[in-house]
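Letters A, B, ... are given to chains in the order of the sequence lines, protein chains preceding strands, and every chain is numbered from 1.
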Number of protein chains: 2
Amino acid sequence: MTVTQHAVPELEETTDHCASAERPHPRPDGQDRYTISEVAAHTGLSVHTLRWYERIGLMPHIDRSHTGQRRYRNTDLEWLTFVNKLRLTGMAVADMVRYADLVRQGDHTYPERRALLAATRQGVLRRIGELHDALTVLDFKIALYSDAPKAQERH
Amino acid sequence: MTVTQHAVPELEETTDHCASAERPHPRPDGQDRYTISEVAAHTGLSVHTLRWYERIGLMPHIDRSHTGQRRYRNTDLEWLTFVNKLRLTGMAVADMVRYADLVRQGDHTYPERRALLAATRQGVLRRIGELHDALTVLDFKIALYSDAPKAQERH
DNA sequence: GGCTTGCCTGGAGTGCACTCCAACTCTTTA
DNA sequence: TAAAGAGTTGGAGTGCACTCCAGGCAAGCC
């Protein structure tokens, strides 16, 4: 449960200027120039986190508008979706940066990328095992508390 | 932490220096007076963490030797084993402290303990789902890197 | 022109879960 | 008797992954 949370997706500006940016969902290639807050709404990451990801090298180069504002593309959205999956696996951010580096370096890094993902996969399997294990204990305890509310036991 | 030691001079010295501290495994009740480093070896937690757990109220009262050193019992080992399981579920330490509190308060807290564990259980199930999800993506990517080492794709 | 909104930056701050430190006591071994 | 080794404490430090802040810029609206 330590996966962090952030804000609610809530409906932001249903009040005034309704015809404005009310679309966290992808647009077809060619019209895909999302502001940072659109991307935040779409990915569930905060704008802080998006900028931080860029700073630490977890993002490819992001286009800018003529005033210097970020304009994300569909490929950036896809990358972030994948990053989110990696995050869910519990992969350390440093490892994700390493992976992003490998992607930047080109196709000859396929084996190393594959190895990185395979190691992550192993970790996920181990974690699932641990969780199943913990689940058994939880079920046992819960049954104790449910079935014998007056029984004598310790914790 | 001003509880200090009282009573319980008992037979502690029988287990102190007889066998060198090379026994991370439980002994029968009655001879169960483990030093902190024995408990660390048994549980996989560091001695720092064991003392910290005590400070924050995650442990019941731990007996002391006549010189003020901790002497853990089998029940303490069992509790730590359970705590480790809760840790594996991803439960926050603050919640574990809350649970420990409920245990201290007595049997009338059964319903709340049960609720806490049930919520944790839900979290574990959700987490397992996420991990399975991530596994699918990982397998897809790994297959890409394995089967088509020269294929044209992005990340 | 003034106000609001959204975005920009580098750097500082936060919360969690440890992890370590200095200075001490006590016991055992050389 | 001296040194080593394991334990004690309160408090400070660490690493991670964000999260926020101050100060500023650009655009839209009344």
If you compare every side-chain N and O of B/Arg64 against the phosphate oxygens of C/dT25 (OP1, OP2), does one of them come in below 4.0 Å? no
Are B/Tyr145 and B/Phe140, when compared by the centres of their aromatic rings, separated by less than 6.0 Å? no
Please tell me which of the listed nucleotides, C/dC18, D/dA17, C/dT9, lies nearest to the side chain of A/Trp52? D/dA17
Could you measure the distance from the CZ atom of A/Arg64 to the CZ atom of A/Arg71? Nearest 0.5 Å is fine. 10.0 Å
Distance, rounded to the nearest Å, where A/Ile56 contributes CD1 and D/dC16 contributes P: 11 Å
Send over the distance from A/Ile36 CD1 to D/dC25 C1', rounded to a whole Å. 16 Å
Just to confirm, is there a sub-4.0 Å distance from OP1 or OP2 of C/dC18 to any side-chain nitrogen or oxygen of B/Arg87? yes
Donor-acceptor under 3.5 Å (A/Thr89 side chain, A/Leu86 main chain): yes
Relative to the 5' end of DNA chain D, which residue comes earlier, A/His66 or A/Arg51, by the nucleotide with the nearest heavy atom? A/Arg51
Between A/Ser65 and C/dC7, does any side-chain N or O lie under 4.0 Å from OP1 or OP2? no
Rounded to whole angstrom units, what separation is found between the OH atom of B/Tyr34 and the P atom of D/dG7? 15 Å
Given atom CD1 of A/Ile62 and atom C1' of C/dC7, what is their separation to the nearest angstrom? 15 Å
Residue B/Val93, side-chain heavy atoms: nucleotide from D/dA17, C/dA17, D/dA27 that is nearest: C/dA17
Whole-Å distance separating the CG atom of A/Leu50 from the C1' atom of C/dT9: 16 Å
I'd like to know if the side chain of A/Glu38 and the backbone of A/Thr35 have a donor-acceptor N/O pair within less than 3.5 Å. yes
Whole-Å gap separating P (D/dT19) and NE2 (A/His48): 8 Å
Can you tell me how far P of D/dG7 sits from CD of B/Glu54, to the nearest Å? 14 Å
Of D/dC18, C/dC18, C/dT27, the nucleotide closest to the side chain of B/Tyr53 is C/dC18
Indicate the ring-plane relationship of A/Phe82 and A/Tyr99, choosing parallel, tilted or perpendicular according to the 30° and 60° boundaries. tilted
Assign each of A/Gln69 and B/Val47 to its nearest nucleotide of DNA chain D by heavy atoms, then name whichever residue's nucleotide is nearer the 5' end. B/Val47
Considering every strand and a 4.0 Å limit on heavy-atom distances, what is the contact class for A/Arg71: base, sugar-phosphate, or nothing? nothing
Atom CG of A/Asp76 and atom NE2 of A/His42: how far apart are they, to the nearest 0.5 Å? 11.0 Å
Looking at side-chain heavy atoms only, is the closest gap between A/Trp52 and A/Val93 below 4.5 Å? yes
Below 3.5 Å is the cut-off: list the nitrogen or oxygen pairs between protein and nucleotides 12-14 of chain D, distance only.
none

Side-chain N or O of B/Thr67 less than 4.0 angstrom from OP1 or OP2 on C/dT27? no
For C/dC18 and B/Ser46 - does any side-chain N or O of the residue sit under 4.0 Å from the phosphate oxygens OP1/OP2? no
Base, sugar-phosphate, or nothing: which does A/Arg70 touch, judged by heavy atoms less than 4.0 Å apart? sugar-phosphate
Measuring from atom CG of A/Leu144 to atom CZ of B/Arg114, what distance do you get when rounded to the nearest 0.5 angstrom? 11.5 Å
Rounded to the Å, how far apart are A/Tyr72 OH and C/dG6 C1'? 14 Å
